Amino acid sequence: MGYDFKGIEKKWQSYWAKNQTFKANNQSDKPKFYVLDMFPYPSGAGLHVGHPLGYIASDIFARYKRQKGFNVLHPQGYDSFGLPAEQYAIQTGQHPAKTTLENIARYREQLDRMGFSFDWSREVRTSDPSYYKWTQWIFLLLFDHYYCKEADKAMPISTLVGRFELEGNLKVNAVCDSSVSTFSASEWNSYSEEQQLKILLAYRLTYLSDTEVNWCAALGTVLANDEIVNGVSERGGYPVIKKKMRQWSMRIGAYAERLLTGLDRIDWPEPLKEMQRNWIGKSIGAKVFFQVYGHDIKIEVFTTRPDTLFGVTFMTLAPELELVQQLTTPDQKKEVEDYIEKTKHRTERERMADVKNTTGVFTGSYAIHPFTGEQIPIWIGDYVLADYGTGAVMAVPCGDQRDYDFAKVFNLPIKNIFKSVSIEEQAFTEKENTVIDNSDFLSGLSHKNAMKAVIAALEERGCGRGTINYRLRDAIFSRQRYWGEPIPVYYKKGIPHPLTLEDLPLELPEVQKYLPTEEGAPPLGNATHWAWDTCSKTVVDNSLIDHQKVYPLELNTMPGWAGSSWYFYRYMDAQNSSEFVSEKAKNYWQDVDLYLGGNEHATGHLLYSRFWQKFLFDLNLLPVDEYAKKLINQGMILGTSAFVYRKSGTQTYLSKDLLTSEDTVEPIRVDVNLVNASDELDIAALKEWQPHFKQANFEQSKGVFKVGREVEKMSKSKFNVVNPDEICDQYGADTLRMYEMFLGPIEQAKPWNTAGITGVSGFLNKFWRLFYEDNWRVTEEEPSKEALKITHETIKKVTYDIEHFSFNTCVSSFMICVNELHRLKCYSRSILSPLTILLSPFAPHIAEELWENLGHSTSITQEPFPVVNELFLVEENKAYPISFNGKMRFILNLPLDLDQEKIKKAVLEDPRTIEYLNGSTPKKWIIVPSKIINIVC
RNA sequence: GCUCGGGUGGUGGAAUAGGUAGACACGUUGGACUUAAAAUCCAAUGACCAUUGCGGUCGUGCGGGUUCAAGUCCCGCCUCGAGUACCA
């Protein structure tokens with residue numbers, strides 16, 4: 001029998017809770033270290049074995065850092081606003097707050113079982129009014145600021161108003177809606193208050209606008225781009241269409257450049273940074289204005305290849321542009337309208353699937369080339385997207401493949417402007433080694449020089465300028481949902497007005513139903529008390545809205561990413577009711593040293609939170625402008641689904657190995673918990689599990705029924721969920737912790753299987769048996785040299801591996817060490833003590849128990865982590881250990897004094913030994929890998 | 001299509017700066033203990049050849065290259081995965 005993990009785990013978990021072992025202090029002489037996990041959304045399904053992977057890794061690191069003498073902050077909380085609780089509420093009428101609380105209780109219980117060293121006194125919940133008060137407050141700050149491009153930071157709206165009053169907006173260089181027209185100071189001062197507020201709204205960092213949004217009718221809400229996968233909603237897989245709606249947005253685009261350059265200063269995984277770079281999508285080029293022939297209209301285009309300006313032979317506009325109506329001549333009107341109608345009805349999907357078909361229509365109008373004065377036909381085509389750049393392109397068929405295809409289909413001219421390049425077959429899209437030709441003053445220039453020359457010329461003539469364009473869209477901030485933070489805004493004559501900090505938190509009202517109202521308003525429209533009385537500062541009955549001082553409140557709520565964009569600062573000072581975080585706390589903790597989470601948040605949470613960070617940094621509210629120094633993406637643990645195969649149209653199921661290619665069978669998922677490690681199905685249990693299997697006939701082979709396997713995402717609906725509780729019951733939390741680490745590298749996605757868990761379980765029992773075999777067997781003897789050597793090697797290796805987040809190899813090192821000690825029959829206290837400390841971050845319960853048994857009265861979690869001396873064998877004229885970045889190599893100086901025959905023999909026998917002569921010093925050196933020296937010494 | 005990341009035994013995976021590839025674990029086989037089973041312990045386990053012993057040949061997706069030495073570096077392919085997509 002193994003050790004009693006159940007008793008031990010219970011004992012130490014309550015010991016840690018009672019003694020508040022992991023409570024962190026906001027002041028200390030020790031250096032600080034902040035280890036953060038992405039907090040979970042508490043779903044009804046509870047935790048599965050995939051969830052704890054990152055938590056185990058971060059817990060090991062947090063425990064390690066404590067033992068290395070750091071003051072460690074390692075908190076946990078819940079991202080508790082979200083759609084599933086609301087969907088559940090719609091179906092059952094249960095208040096989302098209630099189900100959320102139940103789910104949190106369940107999560108907490110499961111987390112506690114695994115012995116995590118969280119400081120629970122700092123727990124946060126995004127759905128708690130004391131928390132979302134501050135989320136709403138940050139919204140108000142965003143509302144009250146604009147982005148000044150001169151200062152390259154956010155500035156108060158009052159500053160902007162001051163400038164408008166003095167000089168209008170002509171000289172103001174700020175990020176704003178494209179609809180803003182210029183005005184002078186006297187014009188500004190003559191505007192009514194409403195007009196002024198409307199203009200200011202176009203500058204605020206959070207603003208209202210009619211935007212084309214992704215509307216999901218089934219969910220009754222809009223979705224952000226990153227909430228849509230393959231044209232359907234990420235959650236539920238419902239269809240999504242484009243629709244114009246009045247929405248709150250966040251001007252994240254203002255921060256595009258800083259979000260991009262900030263990436264170079266943080267130690268995040270390169271693939272993730274690359275995803276953010278692509279998402280931001282910076283392209284350098286120019287804007288060019290084309291005058292339309294016979295109209296007082298300028299068409300603005302964005303191009304990354306202004307150097308090819310003389311190759312323009314036509315223009316193409318996105319069919320959605322309003323401009324198209326004005327440009328269409330009477331002859332072309334019908335054709336154009338038919339085309340626009342046709343593209344409107346094509347879904348995103350059809351457009352995507354139909355990439356190869358080039359379609360378009362001539363508008364009948366012509367533009368004037370800014371340099372040659374030539375007339376250029378203006379076309380519309382759906383290969384041009386309305387929401388990228390300006391929605392219009394100057395077509396250069398010789399230098400762009402899509403323009404080339406378009407020109408070929410509609411028989412438009414193709415002008416070659418590249419020296420010694422053939423464009424008979426396709427466009428020439430290279431930039432390097434390009435010489436521009438046939439282009440007036442650009443002829444003979446390289447791509448790079450032509451870019452400079454043409455931009456200078458455009459700017460001089462006032463018909464264009466060098467520009468940088470970003471793909472990053474402003475983030476839509478409104479959700480037509482109930483279970484989210486209310487947006488703290490009321491409307492007066494249709495203009496949004498902010499509440500003040502004193503009015504917060506603006507708490508969610510009670511509603512009878514959680515669906516949108518019959519008029520199509522968001523669920524908050526169902527509330528009977530949801531309006532704002534500016535005198536009493538209380539929420540009053542909606543029926544009083546006509547009263548002159550009572551105004552309707554915003555009915556939309558905030559999206560899921562709002563609460564998660566700043567929670568890591570709340571942990572520093574979670575109980576503070578007067579500030580979002582105190583000066584003292586944020587100045588002490590500064591930022592996150594290690595952040596662990598999945599990379600599915602790459603272009604969502606991890607981008608939005610960096611945006612808010614930079615904004616709050618601009619306001620001097622936060623000490624740094626990147627909040628996480630280092631980030632690690634843990635890979636997902638996948639499920640291994642099990643399938644049985646039913647012969648079509650029958651009640652007969654075939655064992656996997658009986659399947660032939662002739663059989664037509666339907667695979668049906670069954671619960672993986674009914675299948676053993678050899679893929680054999682427990683048929684009796686299956687019949688219990690789902691009654692319709694009772695009449696079924698199972699054709700076995702050799703007495704067993706085999707299932708098919710497939711690796712996919714772990715999900716309740718796929719019956720492939722493995723619950724950590726079951727593993728804890730069977731093997732204990734320490735085994736689960738070590739096994740999850742042993743599965744493979746932390747960043748890698750890997751399927752869950754329990755095949756190897758006995759190995760880890762056996763290891764912990766073996767470790768236990770170093771201390772107990774029937775009786776206590778730890779001795780006070782001096783350990784042998786061999787035992788010391790393996791222990792020191794293990795200490796060195798494990799320390800290195802923890803620092804490099806290679807936890808799977810740590811487990812291997814432990815196993816080697818314990819096996820070796822058993823072989824050596826070494827039960828010496830001076831070996832087992834440091835080894836127990838070494839193991840304690842991985843298997844804290846067993847380590848605490850043994851530590852107590854070794855006669856210590858304090859918790860092992862504060863015990864200094866063991867270290868070894870790096871240098872040994874430094875004797876003049878014999879051997880010098882030399883360390884290169886942690887790797888040991890030895891250089892033996894041969895000619896001087898080599899009487900140690902052992903060394904000589906080992907060195908000469910090693911085939912890797914090489915000799916080389918150093919030119920300046922006529923000495924003979926031999927480089928030998930460290931392994932050999934270890935053997936000899 | 002573009003960008004990024006992979007491809008190592010029956011399996012998960014080691015190899016930390018280019019230095020004896022396959023650590024560690026699972027699985028398999030054989031053995032010890034046991035009435036038996038479980039548990040535990042010991043041994044073997046990349047392939048092929050030889051097997052009386054010594055041993056030998058090949059081998060990290062494929063083909064080249066650099067090097068005394070390549071899983072690792074360079075060039076060209078094949079392939080799997082992720083992200084993104086008519087981005088001007």
Side-chain angles (χ1 to χ4, degrees), chain A residues 1-2 225 229 269-279 281-283 285 288 301-306 308 315-316 318 348 351-352 354-359 381-385 387-396 399-403 405-406 429 469-471 599-600 602-603 635-636 677-678 738-739 742-745 747-763 765-766 769 773 796-797 800-801 803-804 806 808-817 819 822-823 884-889 909-916 927-932:
Chain A
M1 256 329 280
N225 284 335
V229 178
E270 203 45 53
L272 189 147
K273 289 207 240 182
E274 198 59 32
M275 276 171 73
Q276 291 208 346
R277 284 189 196 109
N278 290 338
W279 194 260
K282 179 179 184 174
S283 33
V288 184
V301 302
F302 173 75
T303 175
T304 55
R305 294 295 301 275
T308 62
M315 294 182 77
T316 317
E348 283 281 300
R351 259 169 98 157
M352 268 160 69
D354 206 19
V355 170
K356 275 156 206 100
N357 273 341
T358 303
T359 61
D382 69 359
Y383 81 94
V384 179
L385 303 176
D387 59 357
Y388 181 78
T390 58
V393 301
M394 55 175 231
V396 185
D400 183 284
Q401 193 56 46
R402 287 157 320 191
D403 295 346
D405 295 341
F406 198 86
T429 54
N469 195 49
Y470 299 92
R471 199 185 74 106
N599 79 344
E600 64 270 23
T603 53
M636 215 190 305
S678 318
M738 292 199 87
Y739 183 59
F742 185 66
L743 270 178
E747 315 87 348
Q748 196 175 303
K750 51 218 162 226
W752 176 259
N753 72 81
T754 49
I757 201 163
T758 53
V760 173
S761 168
F763 155 73
N765 280 306
K766 261 182 183 172
R769 284 202 309 276
E773 178 109 288
K796 198 174 139 194
K797 176 101 170 75
Y800 182 91
D801 285 347
E803 297 273 2
H804 292 80
S806 176
N808 53 331
T809 52
C810 284
V811 180
S812 295
S813 304
F814 283 127
M815 288 177 175
I816 294 168
C817 184
N819 283 340
H822 269 288
R823 194 182 65 80
F884 301 102
N885 292 352
K887 179 157 186 168
M888 298 292 280
R889 280 186 185 218
E909 277 174 1
D910 186 86
R912 290 169 301 171
T913 301
I914 65 144
E915 299 177 18
Y916 73 92
I927 300 182
V928 184
S930 56
K931 269 186 198 169
I932 295 300

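Computed from heavy atoms alone, side chains included, the values below leave out hydrogens, waters and symmetry copies. What you see is a predicted model, and the numbers here were worked out from it, not measured in a lab.
Distances were taken from every side-chain heavy atom of A/M275 (C-beta onward) to each of B/C26, B/A88, B/G83; the shortest belongs to B/G83. Here the side chain of A/R471 is nearest to one of B/G13, B/A85, B/C24, namely B/A85. Comparing atom distances between the A/D382 side chain and each of B/G13, B/C86, B/A88 picks out B/C86 as nearest. Here the side chain of A/E274 is nearest to one of B/A23, B/C4, B/G13, namely B/C4. In the set B/G13, B/A14, B/C24, the nucleotide with an atom closest to the side chain of A/T809 is B/A14. Among the nucleotides B/A23, B/G13, B/A88, the one closest to the side chain of A/T303 is B/A88. Distances were taken from every side-chain heavy atom of A/V384 (C-beta onward) to each of B/C4, B/A88, B/A15; the shortest belongs to B/A88.
If you check the side chains of A/Y388 and A/S283, you find a donor sitting under 3.5 Å from an acceptor. Of the N and O atoms on the side chains of A/T809 and A/D801, at least one donor lies less than 3.5 Å from an acceptor on the other residue.
Distance check on atom C1': B/G59 versus B/A70 gives 14 Å, rounded to whole Å. Here the separation of B/U45 from B/A38, taken at their P atoms, is 25 Å to the nearest Å. The gap from the C1' atom of B/A88 to that of B/G5 amounts to 29 Å, rounded to the nearest Å. Taking the P atom of each, B/C4 and B/G56 are spaced 45 Å apart, rounded to whole Å. When the C1' atom is compared between B/G46 and B/A23, the two are found 14 Å apart, to the nearest whole Å. One C1' atom belongs to B/U8, the other to B/U60, and the distance between them is 4 Å to the nearest Å. The P atoms of B/A25 and B/A14 are separated by 15 Å, rounded to the nearest whole Å. Comparing the C1' positions of B/C26 and B/U79 gives a spacing of 27 Å, expressed to the nearest Å.
For the pair A/M315 and A/V301, the minimum side-chain heavy-atom distance is below 4.5 Å. For the pair A/T308 and A/M394, the minimum side-chain heavy-atom distance is below 4.5 Å. A 4.5 Å side-chain heavy-atom check between A/R769 and A/H822 finds at least one atom pair inside the cut-off.
When rounded to the nearest whole Å, the span between CG of A/D400 and P of B/G1 equals 18 Å. Distance CG (A/L272) to C1' (B/G83): 11 Å, rounded to an integer number of Å. In this structure, A/Q401 atom CD and B/A88 atom C1' are separated by 13 Å, rounded to whole Å. Rounded to whole angstrom, the span from the CZ atom of A/F763 across to the P atom of B/A39 amounts to 19 Å. B/G83 atom C1' lies 13 Å from atom CE of A/M636, rounded to whole Å. Separating the NZ atom of A/K750 from the P atom of B/A82 is a distance of 16 Å, rounded to the nearest angstrom. One interatomic measurement links the two molecules: CZ of A/F742 to P of B/A23, which rounds to 12 Å at whole-angstrom precision. When the P atom of B/A82 is taken as reference, atom CD of A/E270 falls 21 Å away, rounded to whole Å.
Residue A/N469 is classed as having no contact, given no heavy-atom separation below 4.0 Å to the nucleic acid. Contacts of A/K282 with the nucleic acid, taken as non-hydrogen atoms under 4.0 Å apart, are absent. Across all strands shown, A/P751 has no heavy atoms under 4.0 Å from either base or sugar-phosphate atoms.
Looking at every heavy atom in both residues, A/F742 comes nearest to A/S812 through CE1-OG, 3.8 Å. Between A/M275 and A/T603, the closest heavy-atom pair is O-CG2, 4.1 Å.
A/N819 has a side-chain polar atom (N or O) that falls below the 4.0 Å cut-off from OP1 or OP2 of B/A25. At the phosphate of B/C2, neither OP1 nor OP2 sits under 4.0 Å from any side-chain N or O atom of A/N278. Between A/K797 and B/A23, a side-chain N or O to OP1/OP2 separation shorter than 4.0 Å is absent. Checking the phosphate oxygens (OP1, OP2) of B/G13, a side-chain nitrogen or oxygen of A/Q748 falls inside 4.0 Å. The side chain of A/R769 places an N or O atom within less than 4.0 Å of a non-bridging phosphate oxygen (OP1 or OP2) of B/C41. Between A/Y800 and B/U16, a side-chain N or O to OP1/OP2 separation shorter than 4.0 Å is absent.
Classification of B/G59 as anti follows from a glycosidic angle more than 90° from 0.
Residue order along RNA chain B, read from the 5' end via each residue's closest nucleotide, puts A/N808 first among A/N808 and A/S813. With RNA chain B read from its 5' end, the first of the two nearest nucleotides for A/P271 and A/T758 is the one closest to A/P271.
Each of A/L385, A/T303, A/D400, A/T316 was checked for a side chain to side chain contact (heavy atoms under 4.5 Å, CB included) with A/V393, and the lone residue meeting it is A/T316.
Considering CG of A/N599 and CD of A/Q276, their distance stands at 10.5 Å, rounded to 0.5 Å. The distance from the CZ atom of A/F763 to the OH atom of A/Y739 is 15.5 Å, given to the nearest 0.5 Å.
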Original post:
Pairing of RNA chain B as dot-bracket, 5' to 3': ( ) intra-strand, [ ] crossing, | other strand, . unpaired, with Watson-Crick or G-U pairs under 3.5 Å?
Top reply: (((((((..(((......[....)))((((((.......))))))((((.....))))..(((((..]....))))))))))))....
